[in-house]
> 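Quick one: the structure is below, and I'll ask about it shortly.
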Amino acid sequence: MGNERSARFEELYAAHLGHVTGYVRRRTDDPDDAADVIAETFLVAWRRLDDVPRGDAARFYLYGVARRALANQRRGERRRRDLTARIAGDLAADLAAAPAPHPARPEIGAAFRALSASDRELLGLATWEGLDNGQIATVLGVSRNAVRIRLHRARRRFAKELQRRGADHTTVPAFVTRSKGEPA
């Protein structure tokens with residue numbers, strides 16, 4: 001029985017994959033979405049193989065399955081888009097309600113913003129997120145030693161930028177200019 005079922009499905013797949021692929025590709029622009037719908041169509045056909053008509057009528061049955069799979073995909077995409085918009089709106093309202101902090105020393109923020117994105121990310125992970133070198137290494141997908149070296153260099157560039165802007169780096173909190181475990 002199992003071999004007969006497998007043989008029937010393989011025959012169905014070979015006979016109608018091109019038809020289903022064409023049907024789906026003409027209705028979606030994204031190849032990944034099309035692949036998902038085609039896979040879902042044949043998964044349904046496998047699960048409900050006894051309901052799939054024989055002969056050329058199988059093609060029309062598969063088109064119907066693909067049509068419903070496309071509709072489900074579009075509904076899911078619409079829900080994701082609506083949810084994203086709602087969350088973004090809620091977050092924007094929350095952020096607008098909270099006043100932005102005004103640093104007592106704007107030159108520190110300016111010096112930080114003048115750094116490269118990678119230096120800002122390293123310093124932010126170390127200071128704002130409070131991560132140690134091992135945790136930063138996990139986030140960035142690099143070795144702990146690479147983090148130690150990069151963080152040291154980023155702190156040095158930050159100190160130079162502070163100095164260039166006339167800010168005394170000794171007034172910057174120590175955790176910004178010194179690694180955890182480094183002597184004060």
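Because the structure is a prediction, the values reported are computed rather than measured.
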> With no hydrogens and no angle check, is any side-chain donor or acceptor of T28 less than 3.5 Å from a backbone partner on V24?
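The answer is no, because no donor-acceptor pair under 3.5 Å joins these two groups.
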> Going by heavy atoms in the side chains, are D50 and R5 under 4.5 Å from each other?
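Contact flag for D50/R5 side chains = yes.
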> Starting at CZ of R26, measure out to OG1 of T21 and round the result to the nearest 0.5 Å.
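So the CZ of R26 and the OG1 of T21 are separated by 9.5 Å.
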> Which residues satisfy the side chain to side chain contact (heavy atoms under 4.5 Å, CB included) test with T84, sequence neighbours excluded?
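Checked T84 against side chain to side chain contact (heavy atoms under 4.5 Å, CB included); zero matches.
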> Taking side chain as C-beta onward, heavy atoms only, is H16 less than 4.5 Å from L12?
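They are in contact (side-chain heavy atoms under 4.5 Å apart), so the answer is yes.
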> For residues 109-125, pull every pair meeting side chain to side chain donor-acceptor pair (under 3.5 Å), keeping only residues two or more places apart or in separate chains.
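Listed by first then second residue: S116-S118, D119-R157.
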> Are the side chain of E10 and the backbone of A7 linked by a donor-acceptor contact shorter than 3.5 Å?
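Looks like no, no N/O pair under 3.5 Å.
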> Does the pair R8/E4 count as a salt bridge with the N-to-O cut at 4.0 Å?
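Result for this pair is no, no salt bridge flagged.
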> What residues form a side chain to side chain contact (heavy atoms under 4.5 Å, CB included) with R67, not counting sequence neighbours?
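Only Y23 meet the side chain to side chain contact (heavy atoms under 4.5 Å, CB included) criterion with R67.
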> Kindly compute the distance separating CG (L115) from NZ (K160), expressed to the nearest 0.5 Å.
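Answer for the CG-NZ pair, L115 versus K160, is 12.0 Å.
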> Ignoring hydrogens, what is the shortest heavy-atom contact between G130 and Q135? Give both atom names and the distance.
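For G130 versus Q135, the nearest heavy atoms are O-OE1, 4.2 Å.
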> Checking F60 now: which residues fulfil side chain to side chain contact (heavy atoms under 4.5 Å, CB included) with it, not counting sequence neighbours?
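Partners of F60 by the side chain to side chain contact (heavy atoms under 4.5 Å, CB included) criterion, ordered by chain and then number, come out as D56, Y63.
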> Taking the side chain as everything from C-beta on, heavy atoms only, tell me whether F112 gets closer than 4.5 Å to T127.
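Side chain of F112 against side chain of T127, heavy atoms only: no contact under 4.5 Å found.
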> Looking at every heavy atom in both R155 and A126, which two are closest together, and how far apart are they?
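Shortest heavy-atom contact: NH2-CB, 3.8 Å.
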> Is the count of non-hydrogen atoms from other residues, nucleotides or ligands lying under 6.0 Å from R54 atom CZ greater than 12?
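Atom CZ in R54 is not packed in, count stays at 12 or less.
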> Suppose we screen for side chain to side chain contact (heavy atoms under 4.5 Å, CB included). Which residues come up paired with N145, at least two apart in sequence or across chains?
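Applying side chain to side chain contact (heavy atoms under 4.5 Å, CB included) to N145 gives S143, R148, I149.
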> Are there over 12 heavy-atom neighbours, none belonging to R48, within less than 6.0 Å of that residue's CZ?
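It does not: R48 CZ has 12 such atoms or fewer within range.
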> Any chance you could lay out the salt bridge (charged side-chain N to carboxylate O under 4.0 Å, His left out) test for E77 and R74, step after step, and finish with the verdict?
CA-CA 5 Å; E77 184 57 40; R74 289 180 184 127; over 6 Å; no
> Would the number of heavy atoms belonging to other residues, nucleotides or ligands and lying under 6.0 Å from CZ of R153 be above 12?
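For R153, atom CZ is not crowded (no more than 12 foreign heavy atoms under 6.0 Å).
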> Is there a side-chain contact between R59 and V20 (heavy atoms, below 4.5 Å)?
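They are not in contact (no side-chain heavy atoms under 4.5 Å apart), so the answer is no.
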> Taking all non-hydrogen atoms of both residues into account, name the closest pair between G134 and R144 and its distance.
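Nearest heavy atoms, G134 then R144: CA-NH1, 3.3 Å.
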> Can you name the closest pair of heavy atoms from A58 and V52 and give their distance?
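In this case the closest contact between A58 and V52 is CB-CG1, 3.9 Å.
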> Linking I/L/V/M/F/W/Y whenever their side-chain heavy atoms sit closer than 4.5 Å, directly or via other members, would L95 and I87 fall into one cluster?
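Result: no, two separate clusters.
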> Restricting to non-hydrogen atoms, name the atom on R165 and the atom on A114 that form the minimum distance, rounded to 0.1 Å.
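Heavy atoms only, the tightest pair is NH2-CB, 3.3 Å.
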> Pair up each side-chain donor or acceptor in residues 29-47 with any protein partner under 3.5 Å, not counting sequence neighbours, and list the distances.
from	atom 1	to	atom 2	distance (Å)
D30	OD1	D32	N	2.6
D30	OD1	D33	N	3.2
T41	OG1	V37	O	2.7

> I would like to know whether L125 and L140 meet side-chain contact (heavy atoms from CB on, under 4.5 Å); could you show each step before the answer?
CA-CA 10 Å; L125 288 170; L140 299 180; 4.1 Å; yes
> Side-chain contact, heavy-atom cut-off 4.5 Å: L151 with L123?
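Yes, at least one pair of side-chain atoms sits under 4.5 Å.
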> Do L83 and L91 belong together in a cluster built from hydrophobic side chains that touch within less than 4.5 Å?
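L83 and L91: separate clusters.
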